[in-house]
Number of protein chains: 2
Amino acid sequence: MESTPLSQAALVQIRRVPLFAGLAPEALGWLLESAQVQSCPRDTVLFEAGDPASQFYVVLDGRVELFMRSAGTRRSVIDVLGPGETFDVAAIFDVGRYPTGARTVEDAELVVVPRDSFVARLSENFDLVLSLMASISRHLRGLVRQVGELKLKTTGQRLGSFLLGLTDAETGHSTVRLPYDKRLLASRLGMQPESLSRAFGTLREIGVHGENDRVVIDDLTALRTYCEENGIPR
Amino acid sequence: MESTPLSQAALVQIRRVPLFAGLAPEALGWLLESAQVQSCPRDTVLFEAGDPASQFYVVLDGRVELFMRSAGTRRSVIDVLGPGETFDVAAIFDVGRYPTGARTVEDAELVVVPRDSFVARLSENFDLVLSLMASISRHLRGLVRQVGELKLKTTGQRLGSFLLGLTDAETGHSTVRLPYDKRLLASRLGMQPESLSRAFGTLREIGVHGENDRVVIDDLTALRTYCEENGIPR
DNA sequence: ACCGCCACTTGACGAAGATCAATGAGGGTG
DNA sequence: CACCCTCATTGATCTTCGTCAAGTGGCGGT
């Protein structure tokens, strides 16, 4: 796990992150002056829940899981983040402790942004404040959705909702790619890998066919109906 | 449901809200110039999930539940808020739609703060920005915790964790009062009322005795151990 | 005082999902 | 190629929780 200052190439990538979109390049460079890029091999634990939080992260490449640990080695995955997403932005404004642990599930490139200089510069850029709020709010919305789904959907419906979230199409059929392996997906959806397999089995009956990480949804509308009966309005 | 401008008495109450603590009275009056106080009888639906969000709320008195609806009339409660708490602050920064519905579960007094004037004034008070971030972050932390508990705790452990959250004491025994009725509590904890009854039954074996809305915990440490085996670190 | 309503509890049963165990399909390594 | 290891699937069984039904006690209204 090595750290280097931000390269020009990294800056270009960061400009695609929603949080920083719309910022002038020089403003961005100034904002992230003391940020570093960190290359982490697969399966690196970045921090554990409860560790003091003095920085936040932006994923440039690879994937990171946010998890909670239970007694023993059991992990439950709260969320999985890919390129362009930020995490633990909120932690630095709160009590200053991470609410979850974080671990790379692939080799990853991360931008590490230290709190103090970032906050100081935030005070001089109100647009960025709004952008930051929007980012945190999106994250919050995702969690609310997840709580709702855990409370009132079956495994099949949760899987279906997840698949629907992977496509932009509204009606008709669609092919999606699972962004990570099924073990991780099962944990993210709050079930065991075996239950995920069976959930794919039940969805097969309503026209969802998968092989490896490719999944074909024959009829998006039908799947959406299935997921929302006794379910959640979008 | 009637609306009135903010009274002096209401302003005094609002100063106790964490979000606004530390603001000078005149700054607060200016900030909330276009806010209104709304008196809502029990069981008023303030908005449904998906409604456009152009304001946020502060609870002065009473309680409000945030819920998601499933097909039919089934509701699942995401959170219950009491005096001094704010809700849907985040919604106004995001896509502008409420992620949940909201309903009063008691007669309630609410402060309604319209988005536009609030955001405009926010830009001139950076301390308030930080306070707002902290408030949203706390909310987010609560949701993360809830997701973790739903994914890896039993009904008994979830109830235990909830009870532990009601007391300030660290060790020894403690008496707490349930802040709302058991039907609502069950939904908040993601279970049926019958399961909540049985969960109280299992906790009785480790020294948790309840009658009506009073619950006596004989040994906080024992309960904490029970909740965290296979559970979540605090 | 009586009745009815509502919140809560308890019991019996069934369904969903977890757990345990066995098997097969790649993928890398000696 | 043989070997091993991990991931995924499938079947059998068990546990937990939801569902349905009945029963209790409190509280307000007539």
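Numbers restart at 1 for each chain; the letters A, B, ... are given by sequence-line order, proteins then strands.
- Between A:Leu185 atom CG and D:dC7 atom C1' the separation is 13 Å, expressed in whole Å.
- At whole-Å resolution of the value, CD in B:Glu194 and C1' in D:dG23 are 14 Å apart.
- Between D:dC17 and B:Thr155, a contact under 4.0 Å exists linking OP1 or OP2 to a side-chain N or O.
- Rounded to a whole Å, the CZ atom of A:Arg183 is 12 Å from the C1' atom of D:dT9.
- Residues A:Tyr57 and A:Phe47 are in side-chain contact: their nearest non-hydrogen atoms beyond the backbone lie under 4.5 Å apart.
- As rounded to whole Å, 15 Å separates atom C1' of C:dA25 from atom CG of A:Asp181.
- Nearest-nucleotide mapping onto DNA chain C: of A:Asn212 and A:Gln192, the residue sitting toward the 5' end is A:Gln192.
- Whole-Å rounding puts the A:Leu159 CG to D:dT9 P distance at 11 Å.
- Donor-acceptor pairing under 3.5 Å, judged by distance alone, is present between the side chain of A:Arg198 and the base of D:dG11.
- Ion pairing between a basic and an acidic side chain is recognised when a charged N comes within 4.0 Å of a carboxylate O; A:Glu65 and A:Arg188 show no such pairing.
- For A:Lys151 and D:dC17, the NZ to C1' distance is 16 Å, given to the nearest whole Å.
- Judged by distance alone, the side chains of A:Lys151 and A:Gln146 never bring a donor and an acceptor atom under 3.5 Å apart.
- Between the side chains of A:His209 and A:Asp218, a donor-acceptor pair is found at a separation under 3.5 Å.
- Between B:Leu184 atom CG and C:dC6 atom C1' there is a gap of 16 Å when expressed in whole angstrom units.
- With the nearest nucleotide of DNA chain C identified for both A:Ser195 and B:Phe200, B:Phe200 has the one nearer the 5' end.
- A:Leu150 places its CG atom 12 Å from the P atom of C:dG17, with the value rounded to the nearest Å.
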